[in-house]
Number of protein chains: 2
Amino acid sequence: MLQKGAVSARDVALAAGVSRTAVSRTFTPGASVSPATRAKVIAAADALGYHVNNLARGLTRAESGIVALIVAELDTPYRSRLVSALTDRLQTAGKVAMMINTDRSDASVEAALRQAIGYRTDAAIVLSGMPDRALADMCLRNGLRLVLINRDEEWPGTIRVRLDDEEAGARAARTLLRVGCSRPALASSASATASLKARANGFRAGLAAEGVVPMEVVLGPTSYETGLALGTDLFSRDIRPNGIFCVTDLLACGVIDAARHRFNLRVPADLSVIGFDDIPQAGWEAYDMTTFRQPVSDIAEACIAWLSSPAAGMDVETIKLSAEMVWRDSVAPPGE
Amino acid sequence: MLQKGAVSARDVALAAGVSRTAVSRTFTPGASVSPATRAKVIAAADALGYHVNNLARGLTRAESGIVALIVAELDTPYRSRLVSALTDRLQTAGKVAMMINTDRSDASVEAALRQAIGYRTDAAIVLSGMPDRALADMCLRNGLRLVLINRDEEWPGTIRVRLDDEEAGARAARTLLRVGCSRPALASSASATASLKARANGFRAGLAAEGVVPMEVVLGPTSYETGLALGTDLFSRDIRPNGIFCVTDLLACGVIDAARHRFNLRVPADLSVIGFDDIPQAGWEAYDMTTFRQPVSDIAEACIAWLSSPAAGMDVETIKLSAEMVWRDSVAPPGE
DNA sequence: GAACGTGATGCACAGCCGTGCAATGTCGGG
DNA sequence: CCCGACATTGCACGGCTGTGCATCACGTTC
């Protein structure tokens with residue numbers, strides 16, 4: 001029975017003395033089987049360690065039950081939280097997540113989606129990189145539904161989940177102004193995705209409403225190290241900022257450490273800092289950072305809800321969620 | 001052509017004016033097809049957006065190309081790094097990762113493995129929780145190879161990847177003694193896996209060799225918050241430790257923050273701290289922590305190498321790797 | 001006792017692919 | 001001109017499941 005692969009329904013049927021159909025029906029909810037044969041089948045299946053072959057099942061059914069997560073830099077606090085939430089929700093919805101890594105280049109995103117199509121994934125959730133129109137069409141033609149998280153293009157048959165980044169940026173600006181910050185700065189990374197740009201724009205707009213123009217620095221990828229560099233740049237200037245909005249918590253952590261350990265500045269006495277994402281480290285006592293909370297579970301919930309509703313058709317849909325502000329202790333009126 | 005699902009080989013054959021077999025052969029490396037028909041097939045496939053159905057392919061072949069990663073608390077620095085490395089390596093080896101979440105209970109590990117069997121996964125890499133012997137047997141009977149990372153049981157047909165945690169713990173002990181730490185402490189979490197226990201035992205043994213017995217605290221799950229609680233407990237005692245080995249960096253971060261922000265202690269002047277894992281935050285300037293580096297890529301490499309070698313048979317195998325010490329600035333001779 | 005509805009069961013087929021085997025066509029050599 | 005070698009191609013089958021349809025047994029009602 002274990003000739004080369006796994007135990008199949010035929011093996012179970014043989015052992016239970018019933019037809020293979022009976023085995024199939026036993027494991028198909030809603031099918032018609034008598035309690036007696038069902039019992040026999042289950043007994044045999046347990047004894048042999050039988051499990052329905054989802055690959056073959058996906059061949060017949062329209063759905064495979066697999067959903068692809070396309071992501072770059074999974075080893076990053078925000079990403080890993082989102083992926084964790086998504087896989088959790090997928091699982092409770094009876095689906096399973098297939099992880100596909102990307103280096104964010106177009107080529108690798110394309111490869112990832114091709115991989116997803118190859119496994120007849122029910123959907124692909126794109127967290128990183130941006131498939132182009134032709135690619136999206138190919139997915140659709142293969143019955144692959146596309147979910148774009150915090151990306152900006154909109155295409156038929158696709159759902160977008162977006163945050164009100166712009167509004168959050170504006171709110172950061174108003175907050176800094178309200179505590180009396182006279183020299184605000186904007187720190188962002190060079191790998192600007194749609195949402196990072198929106199945050200920056202919102203911040204600029206919020207300041208502009210009061211006639212203020214921020215100092216700006218843009219550097220490298222979104223990372224702690226970039227944050228250090230951003231801070232070092234800003235604090236080396238003749239006129240130092242006394243309030244900084246960082247488009248990402250990771251950057252903010254770096255900025256705070258640069259301020260404290262390289263320039264002996266006090267946060268928040270000498271410098272107010274606002275981040276974005278509310279990664280776990282933002283809540284650590286070493287940072288205690290005021291930031292905006294990404295509604296990670298809401299995002300995940302929204303994606304899975306859309307995927308589970310068979311109604312979700314060919315229309316473009318955009319789900320807007322809002323990022324709440326989390327008040328901690330990195331923002332305060334400047335010292336004397 | 002897009003009646004309900006995806007485009008199949010028959011569609012391509014029809015469009016290219018060849019037999020379905022020709023299509024299949026075009027996408028099967030090493031099969032015999034003339035350049036002319038191959039070109040026709042590829043043209044048609046591109047036009048239609050055809051991709052080989054890996055589900056069906058996995059039905060015929062012995063291998064599905066899917067490897068399951070069974071993990072709890074993915075949203076944790078060490079886990080996410082390991083998972084990221086594993087998916088990366090799997091991908092370059094031509095396989096793909098299926099993520100299955102666990103809450104670490106036996107029931108959910110069992111569910112995860114059943115899920116993996118259902119999808120005819122080539123292997124399952126277990127990072128969290130511990131399948132029991134019966135479960136492991138069921139996997140084997142279904143042709144599922146099992147890789148256990150930092151778990152301790154050994155079963156036929158299974159590979160274990162282990163660190164020399166014991167030795168590392170001992171080395172932490174010797175290090176603290178060498179810098180003149182007179183009151184060492186051991187901080188560990190209540191959710192003690194095999195490797196955490198080994199680190200603690202190694203530390204105790206290392207101290208015992210010099211006739212020293214550490215203070216000990218054990219609390220909650222492995223998290224930053226637990227670290228805070230551990231530190232608060234230790235520093236509230238009449239006799240405070242002046243050197244602490246934390247079985248995990250996450251715990252160490254909490255301990256350091258408790259020391260600094262709740263008890264005004266200086267690290268390393270008043271207190272030396274050693275962690276384990278070398279998570280990114282350990283290198284942040286706020287912590288600058290001496291710790292042991294988990295050879296994440298070596299671990300991933302070893303797993304994938306074993307999976308790719310068809311020779312890897314029914315023998316128990318154990319791969320031992322060593323955790324290098326990373327010197328940073330959280331360890332120093334106690335101040336005057 | 002006959003007609004009829006109902007639930008259980010099995011046959012056979014579809015879904016998509018890889019591959020052994022036979023058939024076909026082509027080319028070179030004798 | 002014939003024959004063998006060889007590459008190419010297609011048929012048919014196997015792999016595993018779900019399901020429409022026909023069959024059958026059984027119980028009920030008149």
Side-chain angles (χ1 to χ4, degrees), chain A residues 1-42 45 48-66 117-122 142-143, chain B residues 1-41 44-45 48-66 117-122 142-143:
Chain A
M1 67 200 66
L2 60 146
Q3 54 269 45
K4 65 166 168 264
V7 24
S8 79
R10 195 175 49 209
D11 302 330
V12 178
L14 222 62
V18 297
S19 80
R20 195 192 55 76
T21 309
V23 178
S24 177
R25 290 211 163 96
T26 300
F27 293 102
T28 304
S32 157
V33 206
S34 77
T37 54
R38 152 170 262 120
K40 277 194 293 184
V41 168
I42 289 190
L48 288 146
Y50 170 71
H51 291 78
V52 176
N53 185 336
N54 281 104
L55 272 48
R57 182 176 264 180
L59 214 52
T60 326
R61 287 199 201 292
E63 314 231 323
S64 68
I66 310 179
I117 294 177
Y119 279 102
R120 294 301 184 269
T121 292
D122 291 340
N142 280 281
Chain B
M1 70 202 64
L2 59 144
Q3 52 270 41
K4 66 169 170 258
V7 24
S8 79
R10 195 176 47 208
D11 302 330
V12 178
L14 222 62
V18 299
S19 79
R20 195 191 56 75
T21 309
V23 178
S24 176
R25 290 213 163 97
T26 299
F27 293 102
T28 304
S32 157
V33 206
S34 77
T37 55
R38 151 169 263 121
K40 278 194 292 182
V41 168
L48 289 145
Y50 170 70
H51 290 79
V52 177
N53 185 336
N54 280 106
L55 271 48
R57 184 175 263 181
L59 214 53
T60 321
R61 289 200 200 291
E63 314 231 323
S64 68
I66 310 178
I117 295 177
Y119 279 101
R120 294 303 185 267
T121 292
D122 291 340
N142 279 281

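Below, chains carry the letters A, B, ... as their sequence lines are ordered, and counting in each starts from 1. Keep in mind it's a predicted model, so treat the numbers as computed, not measured.
- Listed pair Tyr50(A) / dC16(D) fails the phosphate criterion, with no side-chain N or O lying under 4.0 Å from OP1 or OP2.
- Distance Leu48(A) CG to dC16(D) P: 14 Å, rounded to the nearest Å.
- Closest to the side chain of Arg61(B), out of dG18(C), dG18(D), dC17(C), is dG18(C).
- Looking at Val41(B) and Tyr50(B), their side chains never come closer than 4.5 Å, going by heavy atoms from C-beta outward.
- What separates CG of Asp11(B) from P of dA14(C) is a distance of 16 Å, to the nearest Å.
- If Thr37(B) and Arg57(B) are placed on DNA chain D by their nearest nucleotide, the residue sitting closer to the 5' end is Thr37(B).
- Looking only at side-chain heavy atoms (C-beta outward), Val23(A) and Val18(A) come within less than 4.5 Å of each other.
- For the pair Arg38(B) CZ and dT8(D) C1', the computed distance is 13 Å after rounding to whole Å.
- Out of dC16(D), dT9(D), dC17(C), the shortest distance to the side chain of Leu59(B) is found at dC16(D).
- Contact record, Arg10(A) with Arg20(A): N-CG, 4.0 Å, taken as the closest heavy-atom pair.
- Closest to the Arg20(A) side chain, of the nucleotides dG14(D), dC16(C), dT17(D), is dT17(D).
- Looking only at side-chain heavy atoms (C-beta outward), Thr26(B) and Lys40(B) stay at 4.5 Å or farther from each other.
- Counting non-hydrogen atoms under 4.0 angstrom, Thr21(B) reaches a base of the nucleic acid.
- Closest non-hydrogen pair, Leu55(A) versus Ser64(B), comes out as CD2-CB, 4.0 Å.
- Note on Ser24(B): a base of the nucleic acid sits closer than 4.0 angstrom, heavy atoms only.
- Inter-residue side-chain proximity for Asn53(B) and Leu59(A) is flagged as met; some heavy-atom pair is nearer than 4.5 Å.
- A donor-acceptor contact under 3.5 Å is not formed by the side chain of Arg10(A) with the base of dG10(C).
- Side-chain atoms of Asn53(A) lie closest to dC16(D) of the nucleotides dC16(D), dT19(C), dC16(C).
- Picking from dT9(D), dG10(C), dC17(C) the nucleotide with the shortest atom distance to the side chain of Val33(B) gives dT9(D).
- Taking atom CD of Glu63(A) as the reference point, atom C1' of dG15(C) lies 16 Å away to the nearest angstrom.
- The side chain of Ala56(B) has dC17(C) as its nearest neighbour among dT9(D), dT17(D), dC17(C).
- Summarising the geometry, the separation between CG on Leu55(A) and C1' on dG15(D) is reported as 11 Å, rounded to the nearest angstrom.
- One atom, CG of Asn54(B), and another, C1' of dG18(C), lie 13 Å apart when rounded to the nearest Å.
- Separating the CG atom of Leu14(A) from the P atom of dG10(C) is a distance of 13 Å, rounded to the nearest angstrom.
- Looking at heavy-atom distances under 4.0 Å, Thr28(A) makes contact with sugar-phosphate atoms alone, never a base.
- Across all strands, Val23(A) comes closer than 4.0 Å to no nucleic acid atom at all (heavy-atom distances).
- Looking at His51(B) and Arg120(A), their side chains come closer than 4.5 Å, going by heavy atoms from C-beta outward.
- Closest approach to the Ser8(A) side chain among dT17(D), dT9(D), dG10(D) is made by dT17(D) (side chain taken as heavy atoms from C-beta onward).
- Within the 4.0 Å cut-off from OP1 or OP2 of dG15(D), not a single side-chain nitrogen or oxygen of Thr60(B) is found.
- Not one side-chain nitrogen or oxygen of Tyr119(A) sits closer than 4.0 Å to the OP1 or OP2 atom of dC16(C).
- Side-chain proximity of Arg25(B) to dT9(D), dC17(C), dC16(D): nearest is dT9(D).
- Ser32(B) has a side-chain polar atom (N or O) that falls below the 4.0 Å cut-off from OP1 or OP2 of dT8(D).
- Distance, Lys40(A) NZ to dG10(C) C1': 13 Å, rounded to whole Å.
- Among the heavy atoms of the strands, none lies under 4.0 Å from Phe27(A).
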